[in-house]
Amino acid sequence: MRIDLHTHSSVSDGTDSPAELLAAGRAAGLDVVALTDHDTTAGWAEAERSRPDGLTVVPGMELSCRWFPAGAPPISVHLLAYLFDPEHPALSAERARLRQERLGRGERIVAALADAGHPVVWDEIVERAGGGVVGRPHVARALVEAGVVESVDHAFATLLHHRSPFYVAKADTDVLDGIALVRAAGGVPVFAHGLATRRGRVVGDEAIAAMAEAGLLGLEVDHPDHDPDERAHMRGLAGELRLLVTGSSDYHGSNKTTPIAACTTAPDQYEALLAAGTGATPFPGTVGTPG
Ligand code: AMP
Ligand code: FE
Ligand code: FE
Ligand code: ZN
C-alpha cells in the first residue's frame with residue numbers, strides 16, 4: 001500500500017485541480033492520497049466527486065501557524081490536520097481569518113514590489129488564483145510571467161525570501177492553539193516538515209515536546225526538504241514522544257519540482273492515523289461504522 005499524506009491543489013497554491021491531483025496520484029501508483037490545501041477545505045467536495053476508482057482520499061489541510069519562542073521572534077510552522085469536522089465553528093473561523101490575513105499580506109508584498117518597479121498587479125494575481133487561497137507561489141508565478149525572475153524557485157530565493165525587504169509576515173495561528181482546535185474538531189494534528197531549514201528558522205526539540213503536550217499526534221519525518229540526519233532526528237523524537245510518523249511529498253503540481261509520491265507513509269502509521277480521526281471519514285466513506 002502506497003500512501004502520500006500531504007498534497008496541494010489549485011484550491012490553494014498547487015497547480016493541479018483536485019481531480020487532476022488525484023489522477024496523478026493514482027497514475028503514480030498511490031493507494032491513498034491526503035488533500036491538504038493551505039487553510040481551506042474547499043477542495044474536499046471535488047476530491048470526493050472525482051476520486052479515481054481504487055484510490056482512498058483522506059480529507060485534510062495544512063494550517064498556517066507560528067511558534068513563539070521566549071525572547072525571540074515567532075517561527076513559522078505548518079500544522080497538517082486530517083479527518084477533522086469541516087464545520088467545527090472555531091476551526092472554520094480560524095481558517096477564514098487566515099485566508100483574510102493572506103489577502104492583506106499578499107497585497108502588501110505586491111504593492112511593495114510594484115513600488116520598486118516590478119510589474120506585478122495584485123488584482124490580476126487574485127484573479128489568476130481563481131478563488132484559490134493566495135500565497136507567495138501565486139506572486140512568484142506573476143514575477144516569472146512578467147520576466148522579473150526565471151522561475152518560481154528563483155523568486156523564492158530572491159524577492160520573496162523571508163529575509164527579502166519585500167517580505168511581509170502573516171499573523172498565523174499560535175501552533176498550540178491550532179493543535180487544540182484540530183483536536184476539538186476531532187482531527188489528527190501532525191507537525192509538517194518541522195526541520196526544513198531552507199524555509200527559515202526551525203523550532204527546537206523543546207517546542208516539539210510542548211506541541212506533543214498540547215495534543216500533537218504525529219511528526220512528518222520523511223519530507224523532500226528533510227535530509228537524512230533531520231529525518232533520523234525527527235524519527236527519534238517521534239519515538240520518545242510516542243507520536244505517529246508520516247512521510248509525504250508536499251506535492252504542489254508544477255509550482256515545485258517534487259513529484260507526487262516522492263515520500264510515503266508506512267501502512268501501520270496510516271492505520272493509526274485513521275483510528276485517531278473522528279471528525280470526518282476518508283472517501284469513500286467507511287461502511288458500517290458503529291454510531
Ligand atoms: P506563503 O504560505 O504565502 O508564505 O508561501 C509559502 C508557500 O510557498 C509554502 O506552501 C511552500 O510550499 C511554498 N514554497 C516555499 N518555497 C518554495 C519554492 N522554492 N518553490 C515553490 N514553492 C515554494
Ligand atoms: Fe504551499
Ligand atoms: Fe508546508
Ligand atoms: Zn504543504
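Side chains included, hydrogens not; waters and symmetry mates left out as well; all remaining heavy atoms used. Whatever order the structure lists them in is the order used to number ligands and atoms, beginning at 1. Since this is a predicted model, take the numbers as computed values, not measurements.
Considering His38, Arg136, His161 only, the shortest heavy-atom separation from atom 5 (O) of ligand 1 involves Arg136. Residue nearest to atom 19 (N) of ligand 1, selected from Asp153, Leu160, Asp172: Asp153 (by heavy-atom distance). The option with the heavy atom closest to atom 4 (O) of ligand 1, from among His138, Arg105, His162, is Arg105.
Each of Arg95, Arg102, Lys170 was checked for a salt bridge (charged side-chain N to carboxylate O under 4.0 Å, His left out) with Asp39, and the lone residue meeting it is Arg102.
Protein heavy atom closest to atom 8 (O) of ligand 1, with residue, atom name and distance, is Phe156 CZ, 3.2 Å. Protein heavy atom closest to atom 12 (O) of ligand 1, with residue, atom name and distance, is Lys256 NZ, 2.8 Å.
Contacts between His252 and ligand 1, counted as non-hydrogen atom pairs separated by less than 4.0 Å, involve the side chain only. Contact annotation for Asn255 and ligand 1: only backbone heavy atoms (N, CA, C, O) come within less than 4.0 Å of the ligand. By the criterion of a heavy-atom distance under 4.0 Å, the side chain of Arg198, and not its backbone, is placed next to ligand 1.
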### Task
Check the pair Asp153, Lys256 against salt bridge (Lys or Arg N to Asp or Glu O under 4.0 Å), reporting the backbone distance first and the verdict last.
CA-CA 8 Å; Asp153 215 33; Lys256 283 189 183 175; over 6 Å; no
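Among the atoms of His78, no N, O or S atom is found under 2.8 Å from the Zn ion (ligand 4). At a threshold of 2.8 Å, the Fe ion (ligand 3) has no backbone or side-chain N, O or S atom of His38 nearer than that distance. The distance from the Zn ion (ligand 4) to the nearest N/O/S atom of His38 is not under 2.8 Å.
Here the closest heavy-atom approach between residue His38 and residue Ser12 is recorded as N-OG, 3.3 Å. Looking at every heavy atom in both residues, Val245 comes nearest to Ala238 through CG2-CB, 3.6 Å. Heavy-atom minimum distance, Val203 versus Ile75: CG1-CG2, 4.0 Å. Ser9 approaches Leu35 most closely through the heavy-atom pair CB-CD1, 3.9 Å.
Atom ND1 is the N, O or S atom of His78 at the shortest distance from the Fe ion (ligand 3). Glu62 contributes OE2 as its N, O or S atom closest to the Fe ion (ligand 3).
Aromatic ring centres of Phe84 and Trp44 lie closer together than 6.0 Å. Checked against a 6.0 Å centroid threshold, the rings of His226 and His233 do not count as neighbours.
Interface atoms of ligand 1 facing Gly135, defined by a heavy-atom separation under 4.0 Å, are 3 (O). Those atoms of ligand 1 with a heavy atom of Val152 less than 4.0 angstrom away are 20 (N), 21 (C). Interface of Asp13 with ligand 1, defined as ligand atoms under 4.0 Å from a residue heavy atom, comprises 7 (C), 9 (C), 10 (O).
At the Zn ion (ligand 4), the angle from OE1 in Glu62 to NE2 in His8 is 90° when rounded to 10°. Taking the Zn ion (ligand 4) as the apex, the angle formed with NE2 of His6 and OD1 of Asp250 is 80°, to the nearest 10 degrees.
At least one heavy atom of Arg102 sits closer than 4.0 Å to an atom of ligand 1.
Looking at Val182 and Val188, their side chains never come closer than 4.5 Å, going by heavy atoms from C-beta outward.
Looking at ligand 1, you won't find any N or O of His78 less than 3.5 Å from one of its N or O atoms.
Counting only distance, with no hydrogens or angles, the side chain of Thr36 and the backbone of Thr7 share a donor-acceptor pair below 3.5 Å.
Between Asp174 and Arg66 there is no salt bridge, since no side-chain N of the basic residue sits under 4.0 Å from a carboxylate O of the acidic one. Between Asp13 and Arg128 there is no salt bridge, since none of the side-chain N atoms of the basic residue sits less than 4.0 Å from a carboxylate O of the acidic one.
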